[in-house]
Amino acid sequence: MGEEVSNKTQPELHDHHVVVDSVPPLQEKESDKPDPSNENVASPSPPFQKVEDHPAGKDAEDSVSKDVMLARVLTEKRLALIKAWEESEKTKAENRAYKKHSSVELWEDSKKASIEAELKKIEENLERKKAECVEKMKNKVAEIHRLAEEKRACVDAQKSEEFLEVEETAAKFRSRGVTPRKFFACFSA
């Protein structure tokens with residue numbers, strides 16, 4: 001990746017280098033030009049001496065390599081900043097997701113707790129209603145048992161009365177010496 005970036009930046013630098021090479025040489029001002037009338041006069045040494053091509057080329061290469069290095073450093077810096085921003089954004093997104101997960105868990109827990117409380121309340125109501133129904137049924141059973149005892153007592157009392165009547169009637173029959181007709185109705189002809 002670093003190679004791609006340096007390859008991208010080098011053509012720009014070559015263009016820059018070409019621009020540097022294509023800069024026109026310094027032109028002398030008209031005031032610096034020697035007078036044509038004084039051409040025969042020996043002129044002093046020119047103020048600018050020609051610099052050797054080799055050191056100038058080396059400076060150009062050094063400046064180009066410095067430019068390449070500077071471009072590479074800037075590219076790496078930019079990429080590092082982008083990577084740091086990306087990591088920061090990912091961390092922020094992760095934190096937001098964690099907060100949302102936490103809020104969803106809290107919501108779920110609160111809803112579960114409210115449902116469990118409602119279920120417990122319903123169970124308590126059902127237990128209370130069951131206890132009430134059991135009590136009602138026990139009361140009904142007790143009432144039925146009481147009524148049955150009363151009916152048994154009535155039956156026993158009626159049986160006792162019938163026994164007394166039969167004994168009185170039998171005593172009358174004995175005292176009179178008469179036999180009962182109802183009892184032998186099937187024998188009478």
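Quick note: residue numbers are just sequence positions, from 1. Just so it is clear, the model here is predicted, and its values are computed rather than measured.
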Which distance, rounded to the nearest 0.5 Å, do you find between the CG of Leu70 and the NZ of Lys77? 10.0 Å
Residue pairs passing the salt bridge (Lys or Arg N to Asp or Glu O under 4.0 Å) test where at least one lies in residues 162-177, sequence neighbours excluded: none
In the hydrophobic clustering (ILVMFWY, side-chain contacts below 4.5 Å, transitive), which residues join Val178, or is it alone? Phe173
Identify, with sequence neighbours excluded, every residue that meets side-chain contact (heavy atoms from CB on, under 4.5 Å) alongside Glu161. none
Contacts of Lys140 meeting side-chain contact (heavy atoms from CB on, under 4.5 Å) (sequence neighbours excluded), chain-then-number -> Met137
Using 0.5 Å steps for rounding, measure from the CD atom of Glu76 to the CG atom of Leu79. 7.5 Å
Other ILVMFWY residues reachable from Trp85 by side-chain steps of under 4.5 Å: none
Under the side-chain contact (heavy atoms from CB on, under 4.5 Å) rule, collect the residues that match up with Glu118, sequence neighbours excluded. Ile115, Ile122
For residues 144-156, tabulate all N or O donor-acceptor pairs below 3.5 Å that involve a side-chain atom, not counting sequence neighbours.
residue: Arg146; atom: NE; partner: Glu143; partner atom: OE1; Å: 3.4
residue: Arg146; atom: NH1; partner: Glu150; partner atom: OE2; Å: 2.5
residue: Arg146; atom: NH2; partner: Glu143; partner atom: OE1; Å: 3.2
residue: Arg146; atom: NH2; partner: Glu143; partner atom: OE2; Å: 2.1
residue: Glu149; atom: OE2; partner: Arg152; partner atom: NH1; Å: 2.7

Measuring from Thr91:OG1 to Glu86:CD, what's the distance to the nearest 0.5 Å? 10.0 Å
So which residues get pulled into Val166's cluster when ILVMFWY side chains under 4.5 Å apart are joined, directly or through others? none
With rounding to the nearest 0.5 angstrom, report the OG to NZ distance, Ser88 to Lys90. 11.5 Å
Among pairs that include at least one residue of residues 121-132, which meet side-chain hydrogen bond (donor to acceptor under 3.5 Å, both in side chains), considering only residues two or more places apart or in two chains? Asn125-Arg128, Arg128-Glu132
Paired with Arg96, the side chain to side chain contact (heavy atoms under 4.5 Å, CB included) test is passed by just one of Glu94, Lys92, Lys99, namely Lys92
Which residues pass the salt bridge (Lys or Arg N to Asp or Glu O under 4.0 Å) test with Lys112, not counting sequence neighbours? Glu108
State the CD-NE2 distance between Glu105 and His101, to the nearest 0.5 angstrom. 8.0 Å
Do the side chains of Val141 and Lys138 get nearer than 4.5 Å, heavy atoms only? no
